Amino acid sequence: MDESRCPDDASLGELLRSSELQRADNSLESHVGECRRCQARLEELAGASSVQAAQHARDAFASSSASPFLDQAMRRLIEPSAGMTPGPSATVRQPRLERYEVLGVIGAGGMGAVFRGRDPRLKRNVAIKTLRVADDRDTGMAERFLREAEAIASIRSDFVVSVYDLGIERGVPFLVMELVAGGSLAEQIERDGRLSFPRLLKLAAEVTSALVAAHAMGVIHRDVKPRNVLYDAEADRYKLTDFGLVKFQDRPSMTATGAMAGTPEYMSPEQAEGKPLDARSDLFSLGGLLYAACTGASPFQAESAVASIMRVCRDSPRPLDQVERPVPSWFARLVTSLLEKDPARRPGSAADVLRLLELQTAPALSPKSLAPRARRALVAGTVLLAGSSLAAWKFWPTNAATTATPAPIASPTPDVAEPGAFRLGDGQQRFISLKEAVDAAATGEVIEIHGDGPFACLPIALGDKSLTIRAADGSRPVLVFTPLDPKDAQPAIGGAAKLSLAGLEIRWMTPARNAPTAGFDVAVPSALHISGELELMHCIVTVAQRNTCLRWSGSRCVVSHSRLTAPQGVALAWRPKAAAKLEISDSELIADSCLSVAIDASQFAANVCDVTLTSNTFSGDRMLRLRGAGGPKYRLAVAVEHNRFDVQHLLVMDWTQRGPRGLERPGGQELRNRLPRFVSWREKENLYAAQGKFVSHESLALRLAGIEGAPTDIATWEKLWGNTATGSIHGDVPETERDRFGANTRPCLKTRF
Amino acid sequence: MSTTHPSLLIRVRDARDVAAWNEFVTVYAPLVHAYLRKRGVQDADAADIAQDVMQSVSTYIGRFDYDPARGAFRGWLYQITRNKLRDWSDKRKRQAIGAGDTQALQALHELPDAQEEEAWNELHAWQLFHWAAEKAKIDFRDQTWNAFWRTSVQHESAKVVGEQLGMTAGAVHVAKCRVLARIKELLADVEP
């Protein structure tokens, strides 16, 4: 290339700046086309270098481009009027709470005030509720309020007034909420007297849905009453508001005569008596609300607050099918059961109530697809309640066909699963509840579940029946088990023979417990309690706080590609009998104690139990907790390979023995002499948490102080068991190495089980 | 850098300058969203968090110390995004534990700090480039802009592109550089 013909910078610069319409200088252009030097120079002048660096990141940008959610979010952020138009709001000062303009007052109550406001950023009208903090010295109150408000804001339901934002201005906490135009239910009742039955059903379904959503997020409303149900005229919906904030109300001010301010007509008896509450308290209030919507007045109306409370605790209101304008018996029975003084006699959960409402109001479920019993009942139009006595509430679900409605997941319009999601044999027999399918199945049969659910299930007792329950191809069913009676210790699935589960997600919705447990207490409900053989493949089992996932005392248990989550509880509680085999592979156990093993020496001959753990991830406080008393003469042969132990204490001894000074906790001596005789530990390439201890004792003092002579690193750990060169690591490993250890496969959507 | 025309970052501090704010959202919201997606957050949640971040920025931009040092704003926005992400993630973990929700307990993909920030910077560079490239479209004929995009971003050869677009190789080079020059101008206006 003849460099003398290269244009100077000025000419190149001209090229860059020339307008599109000008005819480019052809010779210059073709020169640039051929001349690398000029190309480079041209790029330099364009400032390309700094810009080109950006292109390396292109791959990193993945598929963020086409996101409808992002578009929606951006639309909300962008203000429509482009161009700089300082509107009146810029110059006029509105009273403000953070960025919100306060425009007017909607109401004022014991708790604070509600204002009509505006969010100038998002250009929408809002309701702002301020909380009058009772005590200036109670600085924690505002914080607690905000935390509670966060929980409330997380409730997602079309029937809950949305919380958009919350904040504190000069010590006064406030909530920014959806502004619902249409007044409250209380106003509607005052105006119209009572609701028509169809509207009453709509109200019932919508408020119950709201409670389902709230309870799912762990929020108890505590103040369900007509004044707290708003009617959204635009959407024709009832919306529940003012969740859980009753706690932050001023302490009920006592008037001179000792009467309480405000009327607690909708309070539950346990609330009135100051007893601890659970979600069922809301159900009582719901009953009162429906009663009021039906008759125009609360069932416990009285002249004074004290009189109301007494009525709440003592009176049985007249059933709704015996009042002036009666409603169908089934609805009357529902309300009566909601108004039971004893929470245990009320429906177990808001989800149960919703289920019943849906069952009663659901349009034609094709009768052909239902199991015979349910079909007859539905066609006959009879209420699927056994008997009319209140005792029926405890038993109704077992006699009724339960539709597959999502519970307690928040969903205003429940997905009705294809009728007959639970199929037996070649799909010839179809059932709409798991319980029916199980009852109909013979031992050894396979139940296939079609659809993702979630399916609300009742506890299943298999007895001696062996069963396989698996997900159908392409389905990933979620089974939400709720106990009939929360005080009941029945497991979600219990059996003495063989149970095989594949591809299921099981959630066991029992109440959270407060007391810690080793997992063996029969009063602690476990999700699965099997005394025979158990197989769990590609399953997820989740239990509530301090409960147990699996309780097993049989001969064989295989867990693969599964996840067991027991927050502050036990993942697998095992009482071995004869020569049992436990295999866990490619799974994740997240619990306070992953494996809690109780060895009852009197039951246990000198057999060996094999435990094989391969490629699992254990997370929590303790990995293997060994319980036993006296002198064990048994062995646990443990083979571990490629696991990841993200636990504080790997092996926890939980026994005492008779020593010279009576019952003693084992120390270093026990560790060296006894432990290796009753557990044999062979391992290869495991990863132990950096701060974790290898051997501890259950007693807190020893757990903190440590056992004298306990292994502190891989070398001494290997020595304890007589292993060498296991390849295990105690501490952190680089990111690249991590994949070698632990469960890599999440429970996945397998096609065939 | 023009001293008469303040950059976007300065203009955005004026609450009345709606145009500046809108432009700002167009530039940075997708960046935050992309980063969150990369960190394993689901689309809808990422959009929510991104909206949060933008609102936070709008509230606090007044307090952002405008230091002409390069990368200052980028770093500041990164901190806000990270904080919002952490708050959201903590809240979900709390909720998950309370509600026994297994899927939510899955830890979000954690990268070591240095890698995270690097990821952010890369995304930032690309998003700004991409935004400017899109904006530059108005100033050029389709043919010109396509020539630029195909050579500069898709790394096709000038000769091939020229043949397909009916331009000489030289014209393709010139087109590419003209668009790049414009992009550089646009970027200077955003984050000098």
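The structure presented is a predicted model; accordingly, all values stated were derived computationally and were not measured. To find a chain, count down the sequence lines: A is the first, B the second, and so on, and within it residues start at 1. For the numbers below, each heavy atom of this structure counts, side chains included, while hydrogens, waters and symmetry mates do not.
For the set B:A181, B:C177, B:A132, B:A50, the entry with the most heavy-atom pairs within less than 4.5 Å of chain A is B:C177.
The two residues A:T548 and A:A571 come nearest to each other via the heavy atoms CG2-O, 4.5 Å.
The aromatic rings of B:W126 and B:F129 lie tilted to each other, with the angle between the two planes from 30° to 60°.
When heavy atoms are compared at a cutoff of 4.5 Å, B:D45 does not approach chain A at all. B:A171 touches chain A through backbone and side chain together, each having a heavy atom under 4.5 Å away.
At least one side-chain heavy atom of B:V32 sits less than 4.5 Å from a side-chain heavy atom of B:W120.
For the residue pair B:R39 and B:Y35, a side-chain donor N or O sits within less than 3.5 Å of a side-chain acceptor on the partner.
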